[in-house]
Amino acid sequence: MKALRIAAVTVLVLAALTALGAHYIAPAGYEHQFRETPAAAPSSHHLLGTDDLGRDRLARLLYGMRVSLLLAPFAAGLATLLAALIGGIAGYWGGWVERCLMLLVDVFLCVPWLFLLLTVRAVLPLNISPEASVVVTFALLGFLGWAASARVICAGTRDMMKSEFVWMARATGFSGLKLIRLHLLPNLRGTLLAQFWISIPVFIITEANLGMLGLGVAEPLPSLGSLLGELQHVVTLRPEPWQFVPLIVLIVVVSSFQTLLNKQEVRA
Amino acid sequence: MKRFPHSNLTQNRSRLLRGTQFLLMLALLVFSSAVWGQSGGELRFCLSAEPKTLNPLLVQDNQSETVAYLTSGVLLRVNRITQKAQPELATEWKVLDGGKRIRFKLRSARFSDGTPFTSADVAYTMEKLMDPTLHTAVGDAFRSGDGRVSAHVVSPTVVEITFAAPVANLVNLFDTVPIVSSASPMKEMAALGPFYIAEHKSGSHILLKRNPYYWKKDSSGRQLPYLDSIRLDIEQNREIEALRFKRGEIHLINIVSPAIYDKFSTQDRSLVQDAGPSADTEQLWFNQVASAPIPAYKLAWFTSTNFRRAISEAINRDDLARIVFRGHARPAIGVISPANKFWFNEKLKPHPYDTSSALRRLQQDGFHLDNGVLRDKGGNAVEFSIITNAGNIARESMATMIQEDLKKIGIKVNVATLDFPTIIERITQKFNYEACLLGGVNGDLDPSSQMNIWLSSAENHQWNPSQKLPATSWEAEIDTLMRAQASSGDEHKRKQDWDRVQEIAWEQEPFIYLVNKDALVAVSASVKNAQPSALRPQTFWNVEELALK
């Protein structure tokens, strides 16, 4: 198991480094169209070939990883923060506060995300740059993706509020922020981290789903989602293994997160 | 035991005779099959959605149009290959009073329930069609002026229809008028076409069966259609439709994408056909609505002819045709595709791809390059967004290629893919967009069918709709020319007017036409007599003659 975790960490570090260094490693700009060689097979010029518009697949994969791997943790952080705030308040106060906030959680869980995202995309300014659109997309995922985590954190906080060490702390005069800072947060750390790690692959896959619908990251900026889009055309899919590299990268990265996650969950 | 020789001889003769008879019958069967195609069988193909109506008079969507085409009888039909009108239920016709009246002589025929077809049915159809409460699209085409459209029954086989004012393209308009019965208890469901609707399972399929009373016969006197039935499966996913075609579950695909065309043609070239340039267009236009919520300096760019011409010259249409459509398209010249043989203005040539010329045109309007960024005379960097419909791969790709092309002259383009209803709302109601990339479907070849686009007062005059007065002199000239051609019965004069409209559209480029796509179709090798056309309905326009091997 330890070897597996080391492998997972290595994969994630490598992925993060290549994504961060995309500008230096990529053989061409992600948007540059080599129009004389569309849909080309791998060659010394294009190690993973080119897509249907003649763009270098390797360059697009590296920049796509940057978008997905850096912004998914950002969205996961945002979602965990909101979940901690709302779930924590609900669990700490209990009673009608908890009932109201859990009702809000239920409402959020019932909202059809896709339609909400479609609506939000429709009201965004049209002249928003691709870079801004990708940040907005992930921010939206973060703002909408906190509800399930909030329920877990609420349950954890509620249990903790009934525990003997919290009673003792309260009996000795701890209350409010001091109780939260010194007792609740340190003991909820495992749960919060687990929720954070769970959310990252979820957001990567959610963005991939949006990208396949053409609603995620705006052209010409690539993301893992938009790169996977071309695999959905089953009839016209050519038997060219290099087309599947983004899918393999996504599986490896999500599996690595999952491997680390198991450890975090055990701790939590 | 000895055999009696005579008996043997007789037996042999009898056998020989029977064998010869059998061979003759077999040869006849094979011959007849080769000439006519095997009678019977069920043709299958897909509709991309549920038809909105099965009433042929209320047709507006493509799916309802397909059902109506297969089941309805018409007075005359425009041949999709020759583009000429041919007799159907009317054996002859005469246009009178310069297009204000038309007289039809009808043939003897029966509806699918046996009800006889008479001139009263034509009069009834016209009355229904012009009913303002129904607001039929076909009826609108006949509203040439204020006043009623009346149909006079001269005799059971002669009918005369009078219009308020002369109607241009009067004869060909009857290609889209489905004749319904005035006397049948089945009302509009009684079919005069080759098939009638036998079964409709919502969301699943529509089954059409051969009309036993269909009037048409082939050259050898055999009753048409050859097919027993047609099954129209409702299938929204184009990929699944292609897979089903590949598995032999369906026989036709009316329009296939260039990618599917290439894939199929590498497997079996006989499966797909390129029927040549279609009449459909793909175009980009800028929002020129004065009240649109866009900055005034951008509106000034978009209303400038030089700006639009420069954008047009900076777009590499050859690359769009070669890369996005894999060579199954041609750079567009203008509003009319070369597929429209009569109305296409052959004097017009494609706009050249010339970035230097584009920059010169922009300089004439005070634009200048500043460190690779194009700025207007007020110093504003030239940047605009193009909206197109999410999920349409060809349009998304074209927008991305245009984005790259315009970067070469210092223009930043942002591509926004939106769902279709949102786009329609933006371009028809809120006008909160800058440029839009969409396509146009031209079902009718006549310029009168484009009145709703080119008249400045029209709702579909997309760059600046519903104008009270024409905003520009060239739009005023187009208005005059369009009205003149629509009320003239002189084809030569109409052609001159429409040629001039095409020239103005070419010079001003309110629509920047990008490519004319080819009509790519897939027809199974088991379908006989198919003659795919570039015009709709591409694969089954001669459905009564189609047969299965």
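The model shown is predicted, which means the values in this text are computed figures rather than measured ones. In what follows, chains are A, B, ... by sequence order, proteins preceding strands, each numbered from 1. Only heavy atoms go into these numbers, but all of them, side chains included; no hydrogens, no water, no symmetry mates.
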For S129(A) and K412(B), what are the C-alpha separation, side-chain angles and deciding distance, and is it a side-chain contact (heavy atoms from CB on, under 4.5 Å)?
-> CA-CA 10 Å; S129(A) 69; K412(B) 186 180 177 193; 4.0 Å; yes
Verdict with reasoning, E434(B) to L126(A), per side-chain contact (heavy atoms from CB on, under 4.5 Å) | CA-CA 8 Å; E434(B) 291 174 347; L126(A) 296 175; 5.9 Å; no
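Proximity to chain A is limited to the side chain of R322(B), based on heavy atoms less than 4.5 angstrom apart. In this structure, the portion of F384(B) lying under 4.5 Å from any heavy atom of chain A is its backbone and not its side chain. Contact of I387(B) with chain A is made through the side chain alone, with heavy-atom distances under 4.5 Å. Both the backbone and the side chain of D405(B) have a heavy atom closer than 4.5 Å to some heavy atom of chain A. Of the two parts of I393(B), only the side chain, counted from C-beta on, holds a non-hydrogen atom closer than 4.5 Å to a non-hydrogen atom of chain A. Heavy atoms of E239(B) lying under 4.5 Å from chain A belong to its backbone as well as its side chain. Within the 4.5 angstrom heavy-atom criterion, only side-chain atoms of K407(B), from C-beta onward, approach chain A. For chain A, the nearby part of N432(B) is the backbone; its heavy atoms alone come within less than 4.5 Å.
Top candidate by heavy-atom pairs under 4.5 Å with chain A, chosen from M401(B), K246(B), R326(B), E383(B), is M401(B).
Interface with chain B: from residues 53-67 of chain A, residues L53(A), R55(A) qualify, criterion being any non-hydrogen pair under 4.5 Å. Residues from residues 16-32 of chain A that place a non-hydrogen atom less than 4.5 Å from a non-hydrogen atom of chain B comprise E31(A), H32(A), given in numerical order. Listed by sequence position, P38(A) are the residues of residues 37-45 of chain A in contact with chain B, using a 4.5 angstrom heavy-atom cutoff.
Applying the ring-ring contact (aromatic ring centres under 6.0 Å, His included) criterion to F431(B), with sequence neighbours excluded, gives no partner residue.
The shortest heavy-atom contact between N414(B) and P130(A) is OD1-CD, 4.0 Å. Between Q33(A) and T400(B), the closest heavy-atom pair is NE2-O, 3.4 Å.
Atom CD of E249(B) has more than 12 heavy atoms from other residues, nucleotides or ligands within 6.0 Å. With a 6.0 Å radius and a threshold of 12 heavy atoms from other residues, nucleotides or ligands, K408(B) has its NZ atom above the threshold. Heavy atoms of other residues, nucleotides or ligands lying less than 6.0 angstrom from CZ of R269(B) number 12 at most. Counting heavy-atom neighbours within 6.0 Å of F143(A) CZ, excluding the residue itself, gives a total of 12 or less.
D318(B) has no carboxylate O lying under 4.0 Å from a charged side-chain N of R35(A), or vice versa, which leaves the two without a salt bridge.
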